[in-house]
Amino acid sequence: MTEPLVVVTQSGAVQTLALNRPAALNSFTAGLHAQLLAALEAAAADSAVRCVVITGTGRAFCAGQDLADPAVAPDFSPGAAPKDLGEVIDTLYRPLCRRIRNMPVPVVAAVNGVAAGAGANLALGCDLVLAARSASFIQAFTKIGLVPDTGGTWLLPRLVGRAQAMGLALLGDKLPAADAERLGLIWRCVDDASLMQEAQALAERLAAMPVKALVATRQALDAAAGMDYDQALAHEAVVQRTLGAAADYREGVQAFAEKRSPTFSDR
Ligand code: T3D
């Protein structure tokens, strides 16, 4: 039997998706794209899932596009037409990025090793990024004559400011996880041995929270990035009106008044 390219495991309300091409550092082929997107679609549709963790098997998180994939690797034979990378992005990377950013539950990246190119920005597009101390982030694109993709041009300056974004994107140096945490590129860096335990604990904590409000928070922060202060204030009122009419808000306030732990159920 062939190994799945994405290994899906469930523990309570947390679903973990592990990229599984360790020999090629979990780099993206069309097959991996298809399985990851399908797993995310299934998690989004499953009301028992309240948080998703994305990680990698083996020593890497993801080395970005598989540069040996004949669908994208340049054809060096004389007269061969260039590959249409715009098409690759439109058909594979853009749907993946949008799926993650629009998940109805929080998404945690547990970065277990090197995250390069599209692999780095796949992680950075998640809601919280936890990384093993030995992990690293590489904006590898300029080394092969490309620009940051998989959301990198949008994410990097917003996460770390233009000066650091330009340094990371132009130079493409390896950024150790501890430096990524210090710069504000990721949420936390933890000891290698405890990464998956910490990721599971974080995901369980998120899963027990009002996930509808967590997702609305992600959406509101993203929307506010393109608004002025007054527009953001107005947008907060719109979002709060919706959440204020949801069961989780009633449960949260009632539990506070009754001095008990809330049980949230909206999704
Ligand atoms: O469609 C499009 O192209 C547009 C979209 C582009 C999105 C992108 O992601 S562009 C950026 C693509 N990724 C890279 O440029 C990273 C390439 N990899 C590396 O620079 C290094 O492998 C790492 C820094 C990630 C890790 O270095 P190291 O020394 O720890 O490992 P290694 O020895 O280089 O790699 C181990 C194996 O994985 C090796 O295979 P082998 O020799 O053992 O058979 C290597 O070829 C393979 N591998 C690593 N990265 C890729 C890869 N194979 C295919 N594609 C890769 N991206």
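Counting starts at 1 for both ligands and their atoms, following the listed order.
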Is the shortest side-chain N to carboxylate O distance from E251 to R260 below 4.0 Å? yes
For residues D173 and Q139, is any side-chain donor paired with an opposing acceptor at under 3.5 Å? no
Can you name the residues that form a ring pair (Phe, Tyr, Trp, His ring centres under 6.0 Å) with Y93, not counting sequence neighbours? F28, H33
Looking only at side chains, do D192 and S134 share a donor and an acceptor under 3.5 Å apart? yes
Any protein N/O atoms within less than 3.5 Å of an N/O atom in ligand 1? List the atom names and distances, or say none.
residue  : atom   : partner : partner atom : Å
ligand 1 : 9 (O)  : Q65     : N            : 2.9
ligand 1 : 9 (O)  : A118    : N            : 2.8
ligand 1 : 13 (N) : A63     : O            : 2.9
ligand 1 : 30 (O) : R59     : NH1          : 2.8
ligand 1 : 30 (O) : R59     : NH2          : 3.4
ligand 1 : 31 (O) : R59     : NH2          : 3.0
ligand 1 : 55 (N) : L67     : N            : 2.9
ligand 1 : 57 (N) : A63     : O            : 3.1
ligand 1 : 57 (N) : Q65     : O            : 2.8

What one should report as the nearest heavy-atom pair of A123 and F61 is CB-CE2, 3.7 Å
Smallest heavy-atom separation, A177 atom then A131 atom, equals CB-CB, 3.9 Å
